[in-house]
Amino acid sequence: MQYHQAESWGYYVPMRTSMVSDPLEKVARLASGSAVVVFSISSCCMCHAVKRLFCGMGVNPTVYELDHDPRGKEIEKALMRLLGSSTSVPVVFIGGKLIGAMDRVMASHISGTLVPLLKEAGALWL
């Protein structure tokens, strides 16, 4: 798998087809691969906002753009089941743990709990 630095934030990782057939298993495997993982769709404004938030904090998330993946729709459906919501993206994992969609990330940021989560996961050092 090749990683390449995005122009303005994080790492975009092309998803390879793997032997994992269950989309939830694939989500769990991908989510545990980096300190901060964002499942996104490239045209989604909320996805853009959450990526900008992390970059503004000095965090480089690993970003999986589902609209660039042949199995992206399956993963979107799995994320909706995981969240119990009709909205599938953005979905954020920190330290392999599900944080949630944009509303949960912003609530954590406003309440002051986001930075400690990022530090604990090794995504922030200061």
Side-chain angles (χ1 to χ4, degrees):
M1 181 176 295
Q2 283 190 316
Y3 293 82
H4 61 281
Q5 179 69 36
E7 201 172 294
S8 60
W9 51 67
Y11 288 92
Y12 287 89
V13 183
M15 288 190 266
R16 295 188 313 188
T17 308
S18 67
M19 300 306 287
V20 178
S21 61
D22 179 25
L24 282 174
E25 285 180 35
K26 185 170 186 171
V27 166
R29 184 177 50 79
L30 294 172
S32 64
S34 297
V36 179
V37 175
V38 177
F39 289 93
S40 174
I41 293 178
S42 57
S43 61
C44 169
C45 62
M46 288 296 145
C47 297
H48 178 77
V50 80
K51 291 181 279 191
R52 294 296 302 158
L53 171 68
F54 285 125
C55 288
M57 297 173 77
V59 173
N60 289 317
T62 298
V63 177
Y64 293 102
E65 297 289 359
L66 299 179
D67 55 328
H68 296 173
D69 184 271
R71 293 188 62 199
K73 286 289 181 194
E74 292 174 36
I75 294 171
E76 268 188 83
K77 289 177 185 174
L79 291 168
M80 285 190 287
R81 284 194 317 257
L82 195 59
L83 291 174
S85 170
S86 61
T87 304
S88 62
V89 291
V91 177
V92 175
F93 290 81
I94 299 176
K97 298 175 190 164
L98 174 65
I99 301 305
M102 182 67 167
D103 59 337
R104 303 290 295 163
V105 173
M106 289 308 296
S108 296
H109 181 52
I110 291 167
S111 71
T113 60
L114 184 59
V115 169
L117 285 173
L118 293 168
K119 285 181 180 178
E120 183 180 317
L124 273 180
W125 292 271
L126 299 175

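Closest approach of Ala78 and Leu24 over heavy atoms only: O-CD2, 3.5 Å. The two residues Ile99 and Arg104 come nearest to each other via the heavy atoms O-CB, 3.4 Å. Nearest heavy-atom pair, Pro90 versus Val50, reported as atom, atom and distance to 0.1 Å: CB-CG1, 3.7 Å. Taking all atoms of both residues into account, the shortest heavy-atom contact from Ile94 to Ala121 is CG2-CB, 3.7 Å. Of all heavy-atom pairs spanning Val38 and Pro61, the tightest one is CG2-CB, 3.9 Å. Pairing each heavy atom of Val63 with each of Ser40, the nearest pair is CG1-CB, 4.0 Å.
Salt bridge absent: Lys77 and Glu74 never bring a charged side-chain N and a carboxylate O closer than 4.0 Å. Between Glu120 and Lys97 a salt bridge is recorded (basic side-chain N to carboxylate O distance below 4.0 Å).
Distance check: Glu76 CD to Arg81 CZ gives 12.5 Å after rounding to the nearest 0.5 Å. Here the CG atom belonging to Leu53 is positioned 12.0 Å from the CE atom belonging to Met46, to the nearest 0.5 angstrom. Once rounded to the nearest 0.5 Å, the distance linking CG of Asp69 with CD1 of Ile41 reads 11.5 Å. For the atom pair OG (Ser43) and NE2 (His48), the distance works out to 12.0 Å, reported to the nearest 0.5 Å. Distance check, rounded to the nearest 0.5 Å: CG of Leu66 to NZ of Lys73 gives 9.0 Å.
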Does Val37 form a side-chain contact (heavy atoms from CB on, under 4.5 Å) with Ser34? I'd like the steps, not just the answer.
CA-CA 6 Å; Val37 175; Ser34 297; 3.9 Å; yes
Apply side-chain contact (heavy atoms from CB on, under 4.5 Å) to residues Asn60 and Phe54 and explain how you reach the verdict.
CA-CA 7 Å; Asn60 289 317; Phe54 285 125; over 6 Å; no
Between Lys26 and Leu30, is a side-chain contact (heavy atoms from CB on, under 4.5 Å) present by the stated rule, with each step listed?
CA-CA 6 Å; Lys26 185 170 186 171; Leu30 294 172; 3.9 Å; yes
Evaluate the side-chain contact (heavy atoms from CB on, under 4.5 Å) criterion for residues Ile75 and Tyr64: first the C-alpha distance (whole Å), next the side-chain angles of each, then the deciding distance (0.1 Å), finally the verdict.
CA-CA 10 Å; Ile75 294 171; Tyr64 293 102; over 6 Å; no
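A perpendicular orientation is assigned to the rings of Phe93 and Phe39, their planes being inclined by more than 60° (bins at 30° and 60°).
The 12-atom threshold is exceeded at CE of Met80, counting heavy atoms of other residues, nucleotides or ligands nearer than 6.0 Å.
No side-chain donor from either of Glu65 and Ser42 sits under 3.5 Å from a side-chain acceptor of the other.
In this structure, Ser85 contributes its side chain and Thr87 its backbone to a donor-acceptor pair below 3.5 Å.
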